Engineer: 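Take a look at the following structure, please.
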Amino acid sequence: MKFGGTSVGSADRMRVAARLAADERRKRPVAVVVSAMSKITDLLLDTMRHAEAGDLSGMEANLDKLRTRHVDVCLALLPESRQAAVMAKIHGLVDEFERIARGMAMLGERPPRSVDEAVAIGERLSALLVSEYLNAEGTPAAAINAREVVVTDAVFGNASPLMEATREKARSHLLPLLGQGSMPIITGFNGATADGRPTTLGRGGSDFSASILAAALDAAELWIWTDVDGIMSADPRLVPDAEVLQEITYAEAAELAYAGAKVLHPRTLAPLAEKKIPVWSKNSFAPEKPGTKIVPSIAAASGTRAVASMKNVALVSLEPASAELNGVQVMARALDAVARANVEVLLLSSSSYRQNFCFLVRQEELEQTVAALEAALALELAHHYLKPIHVDQDVGLLTAVGEGMQGKPGLAGRIFMAISRVQVNVIAIAQGSSELTIAVVVRRDGLEESVRAVHAECGLGMRPPVPVFTFPMARRRE
Ligand code: ADP
Ligand code: ASP
Ligand code: MG
């Protein structure tokens, strides 16, 4: 079971999470992965930015907030007899964080590996509190730092697991605990290289931690507890009538996550799909609801299942200025440069007539993208064989996802019509090579409206109730 930030966001939420895990444990062994309490990871990252900038008072104000939030939960959650001991551990962890942050203030720098070591303290604090509460309630539990069990490469801030090594460590640490009837409460989000340097798996990475461990332990099921009723046909914050999907395939869920649906970290499903471990996405605020089951396949693929969007993206365009330049060669070299800069291309679109092409990247990767292109194409740019690199940051990405989409003639056309009806310009399009997606780049300020329009056009969402009182409608028509 994995509990997200809001599901462990307060003493009350930790009580509920602990009860959900303890109830299941009466039936079978349970390992738990926890996120940091909601907003704590942002607070830790912000504290380190203050430190790097030499803003000590900003840094200290954040440290106070960090201590207070966890001390308050400790007081509200635990019996008096345990409070002093746990309080000392909380202060110990916050002191550890403070030492790293002060080091950054002194250096005027935030080395990525120190950031990873420090930011994992959010999860270590929540794992401590949840495990202490379970023990106090009579369910044996042990807080585990994922540094001890998740082995990764050395890409700080966005590490990938080394599954064989992880399997070995996770099994040797966790199976004996489970065998003794103790529930491991493991920190989400972090890990360490084989030689012990701390790493993290990228923002929202606790989902990924849970799937890595579920695969390593050959779990029967993975339950991801969050703050919505499951995976929905769209982000309910954007589309009020979004519906919960009862079932969704690994492929659909993975495409949705990559397309920006925050409900799952994009890499969550990879370790599970191979072993066909079923995943449930469930609401810890309404555990009685069925949630969404993620499964290998669904009998009747039914066209578009969901719409996702991403707003912090940028469209980069390249166009030859002279016919002598071979557009395909430019594209190959540009993409090679971008790949070597470790930038993910979210969408690619080209025109064979003008030999131009454009691709979409995350805004946070834009600077390194442009630098890589400028270096790789320096001569062509200097001699004006290529037009200057054009960057458009005023765009957003909309993606429709569904296994049955490829068999639906005219679907792309209907999606464009729906977007044009709400007067939003389509800037670029791509049918995903997996044929599970149709992706559209639109003007940023029309993105949310487009999501609602496409969602409705594809017949998704809860139908509005049939109006009982129709008389005024009839009059208007007269
Ligand atoms: P957690 O802290 O539990 O990991 P997140 O905030 O990371 O939770 O993810 C849950 C949020 O994802 C929801 O509150 C919802 O706003 C958002 N979301 C975006 N797209 C979807 C979708 N298709 N289905 C469900 N939730 C979605
Ligand atoms: N706490 C981490 C984050 O906020 C990981 C997670 O919650 O999934 O990014
Ligand atoms: Mg999340």
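One-based numbering, in listed order, for ligands and for the atoms of each. In this chain, residues are counted from 1 in sequence order. Note that the structure is predicted; figures quoted are calculated from it, not measured.
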Engineer: What residue and heavy atom of the protein are closest to atom 4 (O) of ligand 2, and at what distance?
Structural biologist: R203 NH2, 3.0 Å

Engineer: Please tell me if the side chains of T152 and L162 come closer than 4.5 Å, counting only heavy atoms from C-beta onward.
Structural biologist: no

Engineer: Counting only heavy atoms closer than 4.0 Å, does ligand 1 sit against the backbone of K2, its side chain, both, or neither?
Structural biologist: side chain

Engineer: Measure the spacing between CD1 of I186 and CZ of R124 and express it to the nearest 0.5 Å.
Structural biologist: 15.0 Å

Engineer: Considering both backbone and side-chain atoms of T41, is one of its nitrogen or oxygen atoms within less than 3.5 Å of a nitrogen or oxygen in ligand 2?
Structural biologist: yes

Engineer: Quick one: does H265 get a heavy atom under 4.0 Å from ligand 1?
Structural biologist: no

Engineer: How close does the nearest protein non-hydrogen atom get to atom 27 (C) of ligand 1, and which residue and atom is it?
Structural biologist: V263 CB, 3.7 Å

Engineer: Could you check atom 13 (C) of ligand 1 against the protein and tell me its nearest heavy-atom contact, residue, atom and distance included?
Structural biologist: D227 OD1, 3.5 Å

Engineer: Please report whether ligand 2 has a polar contact with G204, defined as an N or O pair separated by less than 3.5 Å (distance criterion only).
Structural biologist: yes

Engineer: Say whether D207, considering both its backbone and side-chain N or O atoms, lies within less than 3.5 Å of an N or O atom on ligand 2.
Structural biologist: no

Engineer: Which residue and atom name correspond to the protein heavy atom nearest atom 2 (O) of ligand 1, and how close is it?
Structural biologist: G5 N, 3.1 Å

Engineer: Determine, using heavy atoms of A234 and all atoms of ligand 1, whether some pair is separated by less than 4.0 Å.
Structural biologist: yes

Engineer: Among all protein non-hydrogen atoms, which one is nearest to atom 6 (C) of ligand 2, and what is the separation to 0.1 Å?
Structural biologist: S206 OG, 3.3 Å

Engineer: Against heavy atoms of T226, which atoms of ligand 1 measure under 4.0 Å?
Structural biologist: 1 (P), 3 (O), 8 (O), 10 (C)

Engineer: What distance do S281 atom OG and M232 atom CE have between them, rounded to the nearest 0.5 Å?
Structural biologist: 10.0 Å

Engineer: With a 4.0 Å heavy-atom cut-off (strictly under), which part of H265 contacts ligand 2: side chain, backbone, both or neither?
Structural biologist: neither

Engineer: Flag this pair as yes if the NZ/CZ of R13 is under 6.0 angstrom from the six-membered ring centre of F3 and inside a 45 degree cone about the axis; otherwise no.
Structural biologist: no

Engineer: If we only count heavy atoms from C-beta on, is the F97 to L44 side-chain gap below 4.5 Å?
Structural biologist: yes

Engineer: Could you tell me whether ligand 2 has any atom less than 4.0 Å away from a heavy atom of G205?
Structural biologist: yes

Engineer: If you apply the rule side chain to side chain contact (heavy atoms under 4.5 Å, CB included), what do you find for R305 with S233, and how did you get there?
Structural biologist: CA-CA 6 Å; R305 308 287 314 284; S233 55; over 6 Å; no

Engineer: Calculate, to the nearest 0.5 Å, the distance between atoms CD and CD1 belonging to E96 and I121 respectively.
Structural biologist: 4.5 Å

Engineer: Within a distance under 4.0 Å of any heavy atom of S35, pick out the atoms of ligand 2 and give their elements.
Structural biologist: 6 (C), 7 (O), 8 (O)

Engineer: Which is closest to atom 19 (C) of ligand 1 by heavy-atom distance: V228, L256, D235?
Structural biologist: D235

Engineer: So which heavy atom in the protein is nearest atom 23 (N) of ligand 1, and how far is it from that ligand atom?
Structural biologist: M232 O, 3.0 Å

Engineer: Got the closest protein heavy atom to atom 6 (O) of ligand 1, with its distance?
Structural biologist: K262 NZ, 2.9 Å

Engineer: Could you give the distance from CG (L272) to OH (Y250), rounded to the nearest 0.5 Å?
Structural biologist: 6.0 Å

Engineer: Please report the interatomic distance CE(M37) to CG(L129), rounded to the nearest 0.5 Å.
Structural biologist: 7.0 Å

Engineer: About how many Å separate CG of L217 and CZ of R167, when rounded to the nearest 0.5 Å?
Structural biologist: 8.5 Å

Engineer: If you count the atoms of ligand 1 from 1 in the order shown, which ones are under 4.0 Å from a heavy atom of G230?
Structural biologist: 24 (N), 25 (C)

Engineer: Please tell me if the side chains of F189 and V119 come closer than 4.5 Å, counting only heavy atoms from C-beta onward.
Structural biologist: yes

Engineer: Between the side chains of R69 and D72, is the shortest nitrogen-to-carboxylate-oxygen separation below 4.0 Å, so that they form an ion pair?
Structural biologist: no

Engineer: May I ask you to list the atoms of ligand 1 that are less than 4.0 angstrom from any heavy atom of A261?
Structural biologist: 20 (N)

